[in-house]
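First up is the structure itself, then whatever we jot down about it.
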Number of protein chains: 2
Amino acid sequence: MGTRAERTRERLLAAAMELFAERGYDATSAGQIAARAGVTEMTFFRHFPSKASLLVEDPYDPVIGAAIRRQSPDLDPITRTARGVREAWRELPPPAVDEVRVRLRIVAQTPTLRASMAGGTAATEAVIVDALTSDGVGRFEATIAAAAVMGALNTALLEWSLTADDDLGGAIDTALDILSDRRG
Amino acid sequence: MGTRAERTRERLLAAAMELFAERGYDATSAGQIAARAGVTEMTFFRHFPSKASLLVEDPYDPVIGAAIRRQSPDLDPITRTARGVREAWRELPPPAVDEVRVRLRIVAQTPTLRASMAGGTAATEAVIVDALTSDGVGRFEATIAAAAVMGALNTALLEWSLTADDDLGGAIDTALDILSDRRG
DNA sequence: TCCCTGAATGTTAGCCACTAACATCAGCCG
DNA sequence: CGGCTGATGTTAGTGGCTAACATTCAGGGA
């Protein structure tokens, strides 16, 4: 069952998702989430650094970095990054995809969260820049490529989350094809 | 001298820039800015919807929309958007460029502001999508193109603000060339 | 010039996200 | 069963931001 802290964390997350579904993100306070989880507001912030972090965590950064490093260095940085991102997302098992959609749907409908999502990709962009520069790409070029791909990817994810489409990989492919026209 | 409200707004803006330079963005509160401007915290929020809006306002949206519409519809959406954005920024007079740099430098050094900057470009992205779709581009494709170009542009602006480089146009050109390889 | 009307500002009160310092309690280890 | 450590509670506070209502000021008409 995991340690006590892990169980509390799970209860907080479950309570938050319930409340978000009932009254929306903005209308539910951290204190309410904590109360439903049978815990104090303080405890909530000990498990989650912010209210937004309930929804915009992305634990896939290492996978993305590795996938980019696997791409041929002959490709231009944007294509390499785009292909790496595609492969990384393809490794997600179906249940995780469903969970991602539930969360992204809330983010898509909450303007302030869209902003924090963009902010939350800073770490991912750093990973991409590292992967690209380790293969000789200039830092400025790598930074621009990372920002462009993440901008396109985030937007594609948000749009996809609002559709009934099940094919996440297809949506990502379509979006990244707009950036680099070759099929990967 | 303009109306009274305009003068108050100017004093608030000037006071804010002073304080940001003295102790940084996070360490100065809205109340302190108001006090230095000889006004109440309430009045501050009547003139600026948020503390971040002191720095991330971008009044150039209509210019960008018009510039994109001027591009040939034969080009792919990303190239068209990139060229429009270049032309729009080229119309900025040098004093405005200096002012933009002062502000962006603060944004670049403040992580929370980088996030609000991304959020603040939502309006610009909407303008870009409108311009593209009015020429027959699909909505999804237009949305992705707008997000990618704005991601690259914002990143380029932040990087440029931290250098001693005077040539803003050149920096933008370099960044957008990474997205669409033809010179415009 | 004086007034007077509406805009600009002040006052008060409050919510929420988030943080810090210190006290308490629960569970596992020997 | 006793003690030690990590998880939780308590209290107190800051800062961004909003709402309802009172007050003052600026500028145009008489």
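A quick note: this is a predicted structure, and the numbers were derived from the prediction, not measured.
Chain A approaches DNA chain D over the interval D:dG6 to D:dT11, counting the first and last nucleotide 5' to 3' with an atom under 4.0 Å from its heavy atoms.
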Task: Sequence-aligned protein contact record of nucleotides 14-20 of chain C, with B where the base is within under 4.0 Å of a protein heavy atom and S where only the sugar-phosphate is - done: ---SBBB

Would you mind writing out the side-chain donor-acceptor pairs for residues 137-144 of chain B within the sub-3.5 Å range, not counting sequence neighbours?
residue  : atom : partner  : partner atom : Å
B:Thr143 : OG1  : B:Arg139 : O            : 2.7

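Mapping A:Arg11 and B:Phe48 onto DNA chain D by nearest heavy atom places A:Arg11 closer to the 5' end of the strand.
For the pair B:Glu125 and A:Arg114, the salt-bridge criterion is not met [side-chain N within less than 4.0 Å of a carboxylate O]. In summary, B:Arg103 and B:Glu99 engage in a salt bridge, as defined by a charged side-chain N under 4.0 Å from a carboxylate O.
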TODO: Mind running side chain to side chain contact (heavy atoms under 4.5 Å, CB included) on B:Tyr60 and B:Leu92 for me, showing each step along the way?
DONE: CA-CA 9 Å; B:Tyr60 311 122; B:Leu92 264 194; 3.7 Å; yes

Task: Chi angles and distances behind the salt bridge (charged side-chain N to carboxylate O under 4.0 Å, His left out) call for A:Arg86, A:Asp177 - done: CA-CA 11 Å; A:Arg86 285 179 211 210; A:Asp177 278 344; 2.9 Å; yes

Task: Full working for side-chain hydrogen bond (donor to acceptor under 3.5 Å, both in side chains) between B:Asp76 and B:Ser180 - done: CA-CA 9 Å; B:Asp76 66 289; B:Ser180 71; over 6 Å; no

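No donor-acceptor pair closer than 3.5 Å links the side chain of A:Thr79 to the backbone N or O of A:Leu75.
For the salt bridge (Lys or Arg N to Asp or Glu O under 4.0 Å) condition, the pairs that include at least one residue of residues 152-171 of chain A, sequence neighbours left out, are A:Arg101-A:Asp166.
By the side-chain hydrogen bond (donor to acceptor under 3.5 Å, both in side chains) test, A:Gln109 pairs with no residue at all, sequence neighbours left out.
Checking each of B:Arg70, B:Arg69, B:Arg80 against B:Asp135 for a salt bridge (charged side-chain N to carboxylate O under 4.0 Å, His left out) leaves exactly one that passes, namely B:Arg80.
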Nucleotide N/O of nucleotides 3-8 of chain C paired with protein N/O under 3.5 Å:
residue : atom : partner : partner atom : Å
C:dA8   : O4'  : B:Arg4  : NH2          : 3.1

